[in-house]
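Some notes on the structure that comes next.
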Amino acid sequence: MTSPVSPASLPAPPMRWDGWGDPDRETVLSESVLALIRGALGVSGTPTPRRSLTDVEVAPTRLTDDDIAGLVERVGDGHVSVGGTDRLLRAAGRSTPDLLRRRAHIQAAPDAVVLPGSTEEVAAVLAWCADADIAVVTYGGGTAVTGGLTPIAGDHRAVISLDLRRLDGLAEVDDLSRIAVLGAGVTGPRAEELLGQHGLSLGHFPQSFRFATIGGFAATRSSGQASAGYGRFDEMVVGLTLATPRGVLRLRPVEHSAAGPDLRQVVLGSEGTFGVITEVAVRVHPVPPTAASQAWRFPDFATGAAAVRAAARSDARPTVLRMSDEAETAVNLAAPGAIGADAADAPGGCLVITRFEGEEDDCLDRRRRIAAILSDAGGVDLGSDPADTWAHGRFDAPYLRDALLAIGVGCETLETATTWSGIEALRTAVADALSNTLGTDTPDRPGSPALVLCHISHTYPTAASLYFTVVYRLADRDPVAQWMQAKEAASRAIVAHGATITHHHAVGTDHRDHLDAEIGDLGVEILRAVKNALDPSGVMNPGKLIP
Ligand SMILES: Cc1cc2nc3c(=O)[nH]c(=O)nc-3n(C[C@H](O)[C@H](O)[C@H](O)COP(=O)(O)OP(=O)(O)OC[C@H]3O[C@@H](n4cnc5c(N)ncnc54)[C@H](O)[C@@H]3O)c2cc1C
């Protein structure tokens, strides 16, 4: 039995419930985007209205009055809700299947939302849940894209969402060591604001920066757009605190230790299946006084990839280094405000963006040295404008997806990484898998090819990550199954090429069945053993990460 949702009693997560970003911002597709989409996919472009929150039903909570009292006892009055809206708002992440499921009249939701205010309260809730046989899904910013937030109770009698928004402080700054300790619920902008008051910066800027949290970054091994300069998030972490059903694990911020295997690396990427990361000690740096950019055009992917590889190996490494393939360059994805605008007269080739942050002399010197490398490798200097345009609009592209979904156009991304020697074959295989599954004729979608775009998003001396965006006509019937079929084909191609199933989006539910192909049966057994030590009753995020 389901019932319409009652109003919220807890503060709502800041993102719109059924889409991306600021709830007050409505994206209207420009004429150039509409023309591109109509021409490529044959849709009419007429938007269908969104479902209102009040027109959704959820099942009643499975928690008893005693359960609710038990939770309130641990986190205090006003921090627990079994109200339908509170539960629904935390019921999903922001993948395209998540958003498609948000269109249904009846939706799955956790049985309660709990807002702990400290590490001790988190630990108390987890111990209580383990005793009471209730599963726990940790909720950070809600930007998960691989099913990590799906409210799965598994073998347990109910599931709660543990929203960390109250863990929102800067606990400590060690200026001399350049280490800061941030609460897990601090969002990307709030972290920069808090650190900025000390003249410091973290430098982690994923596309989800505005909404995702410090704890979420750590739990998913996130990677930001400035990873070439500041590293992946896991490289920024020097210490952390993990609350588990068995107690609290505190890993002190001494990065350089020979005291056995590095347990931080065991916690990073654990996706809430071992416990809840409540605090993270991160490496920080002074706010960079200068930024200098430069964009380049290469004739084709292979030439551009060789140039980017050389730049990634240089000690003049840019802070941002990325390259769009021919298709992504042609639709102008680097400038969301101008997509499709000059598609007809685009000069072709592959766009490379470089950006350098730091002291002025150092920035200019690195830019000059990288310019020499890229120029020698066949690049044409486009000046700073395209790179500045990319920097300006870099957090806005996700809004487009909502507007596309409204007109019957699917838009989803997936990512992987492999060694430089495997990059070209991997790109072809994944792109083919996506085009073949989403671009074939079916009674639902006669003759609509899929548009597959790709960029090299993160670079290392030995490897690089590939990030695919695919735009396709949604099936009238079961568009979730349509995407899942394409994703499975792409995942198989990734596994067959020995690449990683995820470079930074994490495993969640979506990649779980492919994890054993990557780490082997013994690797899976190790993860199970760690989980068993920290979460013997298996209440922490069941159905995610570990097959
Ligand atoms: C439009 C868009 C763009 C994106 N761009 C990027 C990108 O550029 N780079 C990138 O790396 N990712 C990106 N992502 C993916 C996503 O933003 C990251 O995975 C991010 O790290 C999730 O953080 P969050 O706070 O939103 O976590 P949530 O989505 O709330 O949770 C993610 C997973 O981690 C668990 N979790 C969250 N917090 C904790 C905690 N404190 N302790 C234990 N477990 C926890 C959750 O249970 C869940 O399984 C993008 C997603 C979207 C929708």
Side-chain angles (χ1 to χ4, degrees), residues 13-15 19-21 90-96 98-99 110 116 119 122 126 135-152 159-165 167 182-188 190-191 204-227 232-234 240-244 267-280 322 394-402 411-415 455 457-458 465 467 469 502-510 512 534-535 540-545:
M15 233 191 312
W20 178 251
R90 285 133 179 120
R94 294 296 184 286
S95 68
T96 293
D98 286 331
L99 302 187
T119 298
V122 174
L126 300 187
V136 180
V137 179
T138 307
Y139 188 93
T143 67
V145 281
T146 53
L149 293 173
T150 308
I152 299 172
V159 53
I160 63 162
S161 171
L162 196 74
D163 183 337
L164 301 186
R165 61 182 300 137
L167 306 184
L182 289 157
V186 172
T187 61
R190 181 79 181 131
H204 185 62
F205 301 111
Q207 199 180 41
S208 54
F209 166 75
R210 287 180 179 150
F211 298 93
T213 61
I214 294 295
F217 296 147
T220 60
R221 301 184 84 99
S222 165
S223 197
Q225 291 163 344
S227 64
R232 302 163 50 93
F233 191 77
D234 49 35
L240 47 80
T241 303
L242 180 78
T244 78
V267 175
L268 291 166
S270 58
E271 301 183 34
T273 63
F274 295 165
V276 177
I277 298 162
T278 56
E279 275 189 345
V280 186
R322 50 192 285 129
R394 63 183 165 152
F395 301 127
D396 290 339
Y399 285 98
L400 280 174
R401 177 176 56 169
D402 294 344
C411 177
E412 183 57 310
T413 63
L414 62 88
E415 42 72 57
H455 66 260
S457 58
H458 303 271
S465 105
Y467 188 94
T469 302
T502 173
H503 170 264
H504 59 266
H505 278 174
V507 177
T509 49
D510 296 8
R512 195 172 79 124
L534 299 174
D535 173 30
M540 298 307 304
N541 217 2
K544 324 289 163 56
L545 177 64

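Atoms within each ligand, like the ligands themselves, are counted from 1 in listed order. Note that this is a predicted model, so its numbers are computed, not measured. Throughout, residue positions are numbered sequentially from 1 according to the sequence presented.
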Thr278 and Thr241 side chains, donor-acceptor separation under 3.5 Å: no
Structural part of Ala184 in contact with ligand 1, heavy atom criterion under 4.0 angstrom: side chain
Hey, is Thr278 touching ligand 1 through its side chain, its backbone, both or neither, going by heavy atoms under 4.0 Å? neither
Output the distance between atom OG1 (Thr138) and atom CG (Leu126), rounded to the nearest 0.5 Å. 7.0 Å
Which of these passes side-chain hydrogen bond (donor to acceptor under 3.5 Å, both in side chains) with Ser223: His503, Arg232, His458? His458
Contact check: Ser223 vs ligand 1, nitrogen or oxygen atoms, below 3.5 angstrom: yes
For ligand 1, is there an N or O atom under 3.5 Å from any N or O atom of Gln207? yes
Short N/O distance, under 3.5 Å, between Ser208 and ligand 1? yes
Any chance the side chains of Thr220 and Glu271 put a donor and an acceptor closer than 3.5 Å? no
Look up atom NZ in Lys544 and atom CG in Asp510, then write down how far apart they are to the nearest 0.5 Å. 10.5 Å
Short version for Leu164: what comes under 4.0 Å of ligand 1, heavy atoms counted, is side chain
Out of Arg210, Arg94, Gln207, which residue meets the side chain to side chain contact (heavy atoms under 4.5 Å, CB included) rule with Trp20? Arg94
About how many Å separate CZ of Phe274 and CG of Leu545, when rounded to the nearest 0.5 Å? 6.5 Å
Between Thr138 and ligand 1, which part of the residue brings a heavy atom under 4.0 Å of the ligand: side chain, backbone, both or neither? both
Any atom of ligand 1 sitting under 4.0 Å from a heavy atom of Gly275? yes
Please state which part of Phe211 comes within less than 4.0 Å of ligand 1, counting heavy atoms only: side chain, backbone, both or neither. neither
dist Asp535:CG -> Met540:CE (nearest 0.5 Å) comes out at 6.5 Å
Answer side chain, backbone, both or neither: which part of Ile277 comes under 4.0 Å from ligand 1, heavy atoms only. both
Within-shell test, Lys544 vs ligand 1, heavy atom, strictly < 4.0 Å: no
Answer yes or no: does an N/O atom from Gly148 fall short of 3.5 Å to an N/O atom of ligand 1? yes
For ligand 1, the portion of Ser222 having any non-hydrogen atom under 4.0 Å away: both
Looking only at distances, please establish whether an N/O atom of ligand 1 is found under 3.5 Å from an N/O atom of Val276. no
For ligand 1, which part of Ala219 has a heavy atom less than 4.0 Å away: the side chain, the backbone, both, or neither? side chain
What protein heavy atom sits nearest atom 29 (O) of ligand 1, and how far off is it? Ala144 N, 2.7 Å
Could you tell me whether some N/O pair between Pro206 and ligand 1 is separated by less than 3.5 angstrom? no
Could you say whether the N/O atoms of Thr143 and ligand 1 ever approach to under 3.5 Å? yes
Can you find a non-hydrogen atom of Ala506 under 4.0 Å from ligand 1? no
Note, Leu182 side chain near Val280 side chain (heavy atom, < 4.5 Å): no
If you measure from NE2 on His505 to OG on Ser208, what distance do you get to the nearest 0.5 Å? 7.5 Å
